[in-house]
Each structure stands twice: as C-alpha cells, then as structure tokens.
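We use all heavy atoms of the structure for the numbers below, so side chains are in, but hydrogens, waters and symmetry mates are not. Throughout, protein chains are lettered first and strands after them, A, B, ... in sequence-line order, and every chain is numbered starting at 1.
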Amino acid sequence: MADETTRGNGTGSDGAATGAGNDARAVSGGGYDPQGIEAKWQKRWAEARVFDVEVDSNKPKYYVLEMLPYPSGTMHMGHMRNYTIGDVVARVKKMRGFNVLHPMGWDAFGLPAENAAIKNNTHPRTWTNNNIAEFQKVMRRFGFSYDWRREISTCEPEYYRWNQWFFLRMLERGLAYRKKSRVNWCPKCATVLANEQVVNGFCWRHEDTAVESREIEQWFLKITDYAEQLLEDLKLLEGGWPERVITMQRNWIGKSQGAKVRFVVADFPGESIEVFTTRIDTIYGASAVILAGTHPLLGKLLAGSPVETAAREKLAALRQMSTKAEDVATAEKVGFFTGRYVTNPFNGAKIPVWVGNFVLMEYGTGAVMCVPAHDERDFEFATKYGLPKPIVVQPASSAEALTDENLAQAFTEYGVSANSGGYSGIATEVALDRMSAEAEARKFGKRETVYRLKDWGISRQRYWGTPIPVVYCEKDGVVAVPDDELPVLLPANPKLTGMGESPLAATPEFVNTKCPKCGGAARRETDTMDTFVDSSWYFYRYCDPHNSEAPYDSAKAAYWFPIDQYIGGITHAILHLLYSRFWCKAMRDIGLVKHSEPIERLFTQGMVQKGGVAMSKSRGNVVGALEMAEKYGADTGRLYTLFAAPPEKDLEWSEESIEGSWRFLNRVYRLVKRHSESLRAAKSGGIDAAAASPNEKALLRMAHQTLRRVSQDFDVRWHFNSAIALIMELSNEAQRMEPLEKTVRPEVRKEVLELMTLMLAPMTPHLAEELWEMLGHSEGLWTVRWPEFNKELAKDAEVEVVVQVNGRVRGKLTVAAGMGEAELLPLVMAESSVAHHVEGKRVVKKIVVQDKLVNLVVA
RNA sequence: GCGGGAGUGGCGGAAUUGGCAGACGCAGUAGCCUUAGGAGCUACCGGCCUCACGGCCUUGGGGGUUCGAGUCCCUUCUCCCGCACCA
C-alpha cells in the first residue's frame, strides 16, 4: 500500500534492477562485517522473541504501522525507506517503555497477480506467494522489528471470509446494495473501475487508456451515508494528519449546500426539470435552464420539438466530445436550444431549455439554471449564444453599480438583491434563506446538501479477489449466503482469460449452487470485491490475526486502537484512507469498535527517486534492497535513507553518497573496537560530574547535549537526518579525543561510547547490538531503555558570547555561563576588535541576550 | 482557476523557531601513510577584494518591521503536488 509499492500499478514483472554492482564492500581483518553481524543479531532477536507482543494493560501501548505492500516485483530502496522510518519509530517507542505493536502483512489480492498468472501460465496464488516469500526475505534481511506471528495475507480464506462477513453485515443494514449503473470500464483491465480509480478520464493503471462507460449490475457500498461524518470528523484529525491530506479528502467529499428547484416544462403537463443551485438568491436572473447531454428527460423533450432534427444532430456531436477532464475543463462551452421552455416558479418567466457540454450528469441533478450575470460559466455560455443577462445582484458597496453596459464579467459575490420581486433590496444571504423557504412552502423546491462523493462500487469482473457472498435464485431473488457457509471459496483452478466477464462465471462448479432459502437451484454472484475492501480494515486483523470466530476481538482492538502512527505514501491520501475511515465508522455502527477514526497520526513519507523520478520497475530505475544489503549491509542502507533527506521529502538516490554512511559506520565500529578491550571491565553509568577533569567534562557535556537533541529529533521533530549528523559529530569528537586518552578515565569513555551506541540503536540496530556487546554487556541491547540526558553533565560551564556592533559580528568572548550584564559589558568594551568599531562613536543602545549575544548600537 | 508545499554553496541538506548562515555528509583540492588503494589519516573547500590582518557581499527578486530577518509582514517571480466547468 505504500506508494513505493503501489497496489497493482500494472507494470510488468520484467525490468531488472539497476544501480549498484553486487560486490560486497571488503572487510579487512577484524573490521566491520555487516553480513556476519546482522545475521548474528537477527538470530538472537528471533530466539529471544524480542518483537512478539501481547495486550498488556499495565503498559502504555503504541501502534505503529506502515501501509501493507502489494507483493509484486523487486523490493527496492523506496520500500525500505518507508519501513525504516516505521522501524525507527517502533524501536524508539519500545526503548521508551511502550508496548509496541508493529505488524506487517500483504495486500495479496489484485489484478497484477491475475495478469502475471495469465502471462506466465501459472496460478495467481503461486505468483503471489512467491512474491510474498521474496518480500519477506528482504524485510527480514533488513531487521525490521515486526511481530511476524501476526503476519496476514489478504488472499487467504482466513482473511477474506471476513470481507464477506462484513459485506453481509452491510447488506443487512442496507449499506450494501445492487443497482444497474453506468460504470467506468477500462478496456485493458477488462473490468470496472471505481470513480477514485479514474484519473482525468483515464485508467489509474493504464495512463494511455481512456475509460469507457458501460451499464452493468453492480454492488455498491453506501459510503455516501457517511459523507457528513467523514467530513465532520476530519476535524478530529487536525494536527495528526498532514493538512493537505485533510484538504484533499474535504475536496473529494465536496459538500455543497443549496436547494433543488423544479421548473415546470411548458406543453408537457406534469413534467418538470429539477435543478440544483447554491445560489437560489440569483434565480430571478435565470435566462435558461441547461441540461447535461445525458439527461434522462432529453429524449422526451426532443421528440416532436420544432427543432428536433437539428437538436439531435447537435446532441450526437456533443456526446462525441472528449470527456477527459483536462480537455473538458478548458474546452469551449458548446450547447444548443431544445425548442422547449420552462417556467421560473418565482416570477413565472418563460425561459428556454438548452443542453450544455459543461453540465455534468453526475453532479447535482444534471441540470442547472443559467444565471449569466452571476456565474462565470453561465456568462460565457450566454455571451456565446446571445442569451440575456439580467442583473439581480448589486455589489453591497454602492460605488460601482452594475448596469447592462458595464457588465464585463459575471459578478459572483454576495451583495444586495435587485430586480427580484419582493426580495429586491435585501442582502443576498438573507434572500437566499427566504427564497429557499418560499420554495419549500410553495412545494416546488427544497433545501438540499449535495456531495461530490459517490457510493463505492466494489464489483470487479475478476478472479483474484474476494467472492461476493450472495446467490441469485429464481424464486427468492438475491439471497445472502448464511454466515455459517462462509467463506465462499474461490475455485482452485479457474480459466483466466483477462477479458470480459469474471472468470468465476466460466467455472460451473462455482456458479451452480443451491439457494440457502428454498434449496432450489441458484447461481452464485461471480464478481469479486475491489481490493480496497481488503485494505480498509486489515489493521484491525493484526490485533487478533488468528481469530476464527470473528474478524477480531473487540477488546483487543480497543486496547491497540487507534493506530498511533500510520506511515505511507501520499498516493493513498484519498482512496485507501477514505475507505478506511468509512469502514471504521461502519464497524462502529455494527458494534465492533467504539472509536470513530482508526488513525490518530498519519505520516506521508517522500519517495526515493533515481534520475528525478520515483523508483519503479517500469522505469527500470530500481535500486534493489537486497543488493544494497549484500553490498553494504542493512544498517548502512537504513542509515543512508534516514540521513540523505528529511523523511517527508523526496530523496534522490546517490551511490556516491551512501559510501559516506558506510564509512561512518566503519569509523564507529573501529572506534569502539579500539576501546573495547580497555573498557570491558569499566564501570557503566553513574559518572560523578564534580570529579571530572576538564577534558572529561567537555566530552561528557557533548555526549549529553547530543543525547538531549537527538531525543528531541526522535520524539518531537522526526528529524532523523539531523539526529544522525549530531551523532556523527559526537563520534568525530570522541575520535579527536583519543590522543588525550590518558586524561579521560575509562568509565567516562565508556559512558560516551555507550550513549553513542544507544542513540544509533533505533536506526542501525544490528551494529548497535554488536557495539553494546563489545562494550562488555551480556544482556542484549533490546532490553535497554532509552537513556535520559543528564542536565548537570550537559550544562555549559563556559559559553561563547557573540559581540555585534550595529548587528554585525565583530568578536567573540568566552565567558562563564550565566554571566550578568554588569560583569559582561566591561569585558565587551575591552575587547580590541570591538573597541576598534566603537571608537569615536556614541553607544546608543546595548542589547544583551544572556549566554548568547551582545549587540552595541553606535551612532 | 482553486487548494497545498517548496526556493539556502558544485550536490543532499542544517540552522534548537527572531540571535555567529552554510552543521553533518557527498563531490573536489593538497598532503601523509601504503608495494598498491574504490582503505585509512590530516588540512582546505559560498562569492568578491586583500601579500596578509581583515573587509565587503550572500538564503529566488523587490520592499518593510526590528538593535538584529533564511526565519515575521507586504509584493513579485519560479518550480512541484493535488483538485478542476461541482452549478
């Protein structure tokens, strides 16, 4: 699910990894050997079951999760960055004493598996499981702290039966329903796409394939029932979710408050056209009603119209026009008169009915009132076709009244109603409200809220997904499969063609069944579910992955939820995250959980790029994760992805740069190695600051200041890159102190090296364990808590004070920390570099910031 | 068009949120060590002026607030991302 692993991006399975050669970095005698070290500690962790976790109400919990991957192709460093960020968070929280749930699983159903199976003449399950084995191998090689006992794979019946169970619960509640509907059809996928999967009129997987429109019986989930809640609860996510994700969801839900108004059609008794408007206050200015080209009433209106022939030709041409959003948005407005008229219910005016290419059938009612003077689109349309532009709103400031002569563009703001019968002269906001009331009172309209969000079509004409658990019976119609017959298993060996109907339809032993109600012959539903169903609730299953009685135990979910930190790509800002939020609310209403939002904090990490574009197999710019582990070791790979850029930014992969991370870990290893013999027996912890020599104090001060800032970078700021920079400085300093070793007691050196090791532990856990052992510890580092920095030791005895004259740095003074102004200023004035600039001038003002800076303003 | 984000050395980036701009690393230069080095170590490494001490300029451009601005305000340019005829 992470964007680096985009679920079913439709790319082929060919395309070799490029980048590094696979020669491992040479290990000189006794040097840093990541291969040996990493294998050693992974084995110890597994033996000690370090990452196994259970509900424990005595400990604060922390649930950190990376979006589950779609197991396809090679795992590259883009994946690894995502998981490394999660792993650092998990390990830091564990060191902080939290009971950390950090699971991993596989988004295993989906189209690429089916396509690959067709291409390679194998079974989707085989292909998928091979990929899962490969992915797991790489993840284990990187030493991520997953509780592998909780691993899930969405293509297993133990998992997908609960998709079916949820579907039945939704069916019972009317949240799942079936309707014939015009759907988005991708000819290449040979299946239906959700609205969310259509990008600018093209398939989200096939950027070159225009989506077609077809009419099919489809299953839908009524996400629109939750539109208001999904919108409202975005407020709960503020602070925890990126602002732009919240904004994207808000726009996607697209709430508009307005009114629907019926315009009676002249000469057609009983027929009326309903329009939706957010500006009913402008209705006196309507000079036409405009329909979408696919409006259902259109056929009736055109039949026998005085301009029927011409209109039908124009309609055909209009329907031929591109429906691609990027074209549509910029396209010239086109339309034609139908030959029919309607009556404006407010003023009785008879206005023409037109058809316009800019009116969308999918939004509102598929018909709009055309108010040229107060809507930009209507203005453009009316100008082109010579429709009148009655002015019915005047700007509130009377300075520049609108007239027919000076109306150069639509005036779309609120103002004062004009030429609007009894409403003239009142503020449009007020008129809007009163006119809505009038429409309701006179029963030709009503206030209404319209959402852009549409119901979620989940039917897919594919094999590799969850079978929809219903049957069709001649006698009983649509019948739900009873719970005790779940799961409805996928047939083992379907005929996969990649075309047309679901392969399940061509599998008689699957299709033909008995009606659960009457026992008579019945046919199974042959469509499968959109795989976004799988990923809408998978993180609940991690709480209780082997439950065979329920999707999960509510008590366990109550302990672990909400997810404290979710990490993934911005790609899923709408689809996955919106569906997940919906699912949570539906589960709440079913009674499984009590919370309304599943994810407390969301982090969207940047992509790893090569050559300025995201790594992907189809582009052939992939840097294989396993190759990196073989060449430099997992720790170097982890460190580099953390160091090269802050986690939210895109990262350009550089083979030259990773060498720097490799060299650093080598230096650290050698540093500790040089001291390990002499420090093994030294006392650990409990340094007496008072007894420390100046050199010791300096070193300890730096170590504890580093600890203070690194702790902040981990906990608050998520600045892993600068945390690493700080640790590098500490290690450089420790190295520089080596010639003065005799002036630094072993326990002080040990303290410094131990702190450095502990700070590295979340990022380079294998090396850190090894160093910890080298420093004489027999207990694994995994048992150790994050150290607290020592305020006394971190305190500066002396500080460097910058001296400025007129804001320019002229000198620096080293003085005792905390020195007051009275004491400091004479020292400043005595400083020769300062005196030089002050000479012969008058000091107008003195600014003193304690322990930091003195600024003398002279004139 | 609307919404969001970003512009800092040759490069990735830092600046504890108004207080020494360029930490840390990459690349580069010089040297040491080495039979050798894709190893290690030392030093230099934004621009201009100066033999040097030092001085001046510099965070996309312009303006402002302030003793002091990469950081705050106004304005402008450029780039990236999302949505896009939503009535």
Side-chain angles (χ1 to χ4, degrees), chain A residues 21 23 25-28 31 200 242-248 250-252 254-256 258 275-279 282 290 292 325-326 328-333 356-360 362-371 374-378 380-381 412 450-452 570-571 573-574 640 643-646 648-661 663-664 666-667 670 705 708-709 712-713 716-717 719 721-729 731-732 735 800-812 833 836 844-849 852-858:
Chain A
D23 51 325
R25 280 291 175 263
V27 179
S28 50
N200 293 332
E243 192 57 41
R244 64 172 170 159
V245 174
I246 293 176
T247 306
M248 282 161 80
R250 184 172 290 128
N251 292 343
W252 189 264
K255 180 178 179 175
S256 289
V275 305
F276 176 72
T277 177
T278 55
R279 291 295 303 272
T282 65
I290 311 177
E326 59 202 31
V328 164
T330 53
E332 198 188 342
K333 300 205 174 359
N357 64 335
F358 68 99
V359 180
L360 307 172
E362 309 85 70
Y363 187 78
T365 60
V368 301
M369 60 181 199
C370 175
V371 185
H374 305 292
D375 182 282
E376 280 169 33
R377 294 151 300 175
D378 295 347
E380 190 188 330
F381 193 78
T412 58
V450 163
Y451 298 90
R452 209 188 78 118
I570 187 70
T571 332
I574 298 173
Y640 176 65
F643 181 58
E648 70 279 3
K649 281 192 76 171
D650 288 344
L651 182 164
E652 175 67 25
W653 184 265
S654 158
E655 197 64 26
E656 278 174 339
S657 264
I658 193 176
E659 293 280 349
S661 296
R663 286 198 284 262
F664 169 62
N666 273 277
R667 276 199 303 276
R670 288 194 301 266
Q705 285 181 354
R708 175 173 58 82
R709 296 171 64 182
Q712 236 175 38
D713 279 347
V716 191
R717 291 153 34 110
H719 286 195
N721 54 335
S722 55
I724 293 166
L726 288 166
I727 299 169
M728 283 174 168
E729 287 184 75
S731 104
N732 290 343
Q735 211 169 313
E800 196 177 53
V801 173
V802 173
V803 183
Q804 298 179 333
V805 179
N806 284 347
R808 309 192 75 97
V809 180
R810 296 302 178 184
K812 287 166 192 179
S833 59
H836 173 72
V844 182
K845 201 170 177 183
K846 298 165 188 160
I847 288 110
V848 179
V849 183
K852 268 203 174 141
L853 165 141
V854 175
N855 188 13
L856 302 175
V857 185
V858 302

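The side chain of A:M248 lies closest to B:G82, out of B:G82, B:C26, B:G25.
Contact annotation: A:R250 side-chain N/O to B:C2 OP1/OP2 distance is not under 4.0 Å. One finds no side-chain N or O of A:R808 lying less than 4.0 angstrom from the OP1 or OP2 phosphate oxygen of B:G55. For B:C86, one of the phosphate oxygens OP1 or OP2 lies less than 4.0 angstrom from a side-chain nitrogen or oxygen of A:R377. Using a 4.0 Å cut-off, some side-chain N or O of A:K649 falls inside it from OP1 or OP2 of B:G13. A:H719 has a side-chain polar atom (N or O) that falls below the 4.0 Å cut-off from OP1 or OP2 of B:A15. Checking the phosphate oxygens (OP1, OP2) of B:C41, a side-chain nitrogen or oxygen of A:Q735 falls inside 4.0 Å. For the OP1/OP2 pair of B:A6 and a distance below 4.0 Å, the side-chain nitrogens and oxygens of A:R244 include no atom meeting the criterion. Neither OP1 nor OP2 of B:G40 sits under 4.0 Å from any side-chain N or O of A:N666.
Using atom C1' as the reference point in both B:G9 and B:G5, the two lie 24 Å apart (nearest Å). Distance check on atom P: B:G64 versus B:U42 gives 48 Å, rounded to whole Å. Across B:C20 and B:C72, the matching P atoms stand 16 Å from one another, rounded to whole Å. Between B:G22 and B:G10, the distance separating the two C1' atoms is 14 Å to the nearest Å. Here the separation of B:G12 from B:G46, taken at their C1' atoms, is 16 Å to the nearest Å. With both ends at atom P, the span from B:G38 to B:A27 equals 13 Å, rounded to whole Å. As rounded to the nearest Å, B:G7 and B:G60 have P atoms that lie 8 Å from one another. Distance check on atom C1': B:A6 versus B:G70 gives 13 Å, rounded to whole Å.
Counting any heavy atom pair closer than 4.0 Å across all strands shown, A:D378 reaches no nucleic acid atom. Counting non-hydrogen atoms under 4.0 angstrom, A:G254 reaches nothing in the nucleic acid. Contact annotation for A:E243: no contact, since no heavy-atom pair falls under 4.0 Å across all strands. Within the nucleic acid shown, A:T247 comes within 4.0 Å of sugar-phosphate atoms alone, with no base atom in reach, counting heavy atoms only. Using a 4.0 Å heavy-atom cutoff across all strands shown, A:F664 reaches no nucleic acid atom at all. Residue A:N732 is in sugar-phosphate contact alone, with no base atom involved, counting any heavy-atom pair closer than 4.0 Å across all strands shown. Among the atoms of the strands shown, base atoms are found under 4.0 Å from some heavy atom of A:R452. Residue contacts shown for A:V450 are absent, as no nucleic acid heavy atom lies under 4.0 Å away. If you check every strand for non-hydrogen atoms under 4.0 Å, A:R667 touches sugar and phosphate atoms only. Within the 4.0 angstrom heavy-atom criterion, no nucleotide atom of any strand lies near A:E648. Contact annotation for A:P242: no contact, since no heavy-atom pair falls under 4.0 Å across all strands.
Shown here is A:K255, whose NZ atom has more than 12 heavy atoms of other residues, nucleotides or ligands within 6.0 Å. No more than 12 heavy atoms of other residues, nucleotides or ligands lie within 6.0 Å of CD in A:E376, so this atom counts as exposed by the packing criterion. Residue A:R244 places its CZ atom among 12 or fewer non-hydrogen atoms of other residues, nucleotides or ligands, all under 6.0 Å distant.
The distance between atom CZ of A:R810 and atom C1' of B:G68, rounded to the nearest whole Å, is 14 Å. Remark: C1' of B:C11 and CZ of A:F643 are 13 Å apart, rounded to the nearest angstrom. A:I574 has its CD1 atom 8 Å from the C1' atom of B:C83, to the nearest Å. A:L726 has its CG atom 10 Å from the C1' atom of B:U16, to the nearest Å. Between the CG atom of A:D713 and the P atom of B:C24 there is a distance of 15 Å, rounded to whole Å. Computed from coordinates, the A:Y640 OH to B:C26 C1' distance equals 8 Å when rounded to whole Å. For A:R717 and B:A15, the CZ to C1' distance is 9 Å, given to the nearest whole Å. Between A:I570 atom CD1 and B:C81 atom P there is a gap of 13 Å when expressed in whole angstrom units.
A distance of 6.5 Å separates CZ of A:F664 from CD1 of A:I727, quoted to the nearest 0.5 Å. The CE atom of A:M728 lies 4.0 Å from the CZ atom of A:F643; values are rounded to the nearest 0.5 Å. A distance of 12.0 Å separates OH of A:Y640 from CG of A:N721, quoted to the nearest 0.5 Å.
For the pair A:A723 and A:D713, the tightest heavy-atom approach, listed with the atom from each and the gap, is N-OD2, 3.3 Å.
Between the side chains of A:Y451 and A:S256, no donor N or O sits under 3.5 Å from an acceptor N or O.
Using a 90° window around 0 for the glycosidic torsion, B:U58 falls outside it and is classed as anti. B:G46 shows a glycosidic angle more than 90° from 0 and is accordingly assigned anti.
For the pair A:V359 and A:N806, both in contact range of RNA chain B, the more 5′-proximal nearest nucleotide belongs to A:N806. Comparing A:S256 and A:V857 against RNA chain B, the residue whose closest nucleotide sits nearer the 5' end is A:V857.
Partner assigned to B:G28 is B:C44, using Watson-Crick or G-U wobble distances below 3.5 angstrom.
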With the criterion being N/O to N/O and under 3.5 Å, what pairs connect the protein with nucleotides 19-21 of chain B, and how long is each?
unit_1, atom_1, unit_2, atom_2, d
B:G19, N2, A:Q804, OE1, 3.4
B:C20, O2, A:K812, NZ, 2.5
B:C20, N4, A:E800, OE1, 3.0

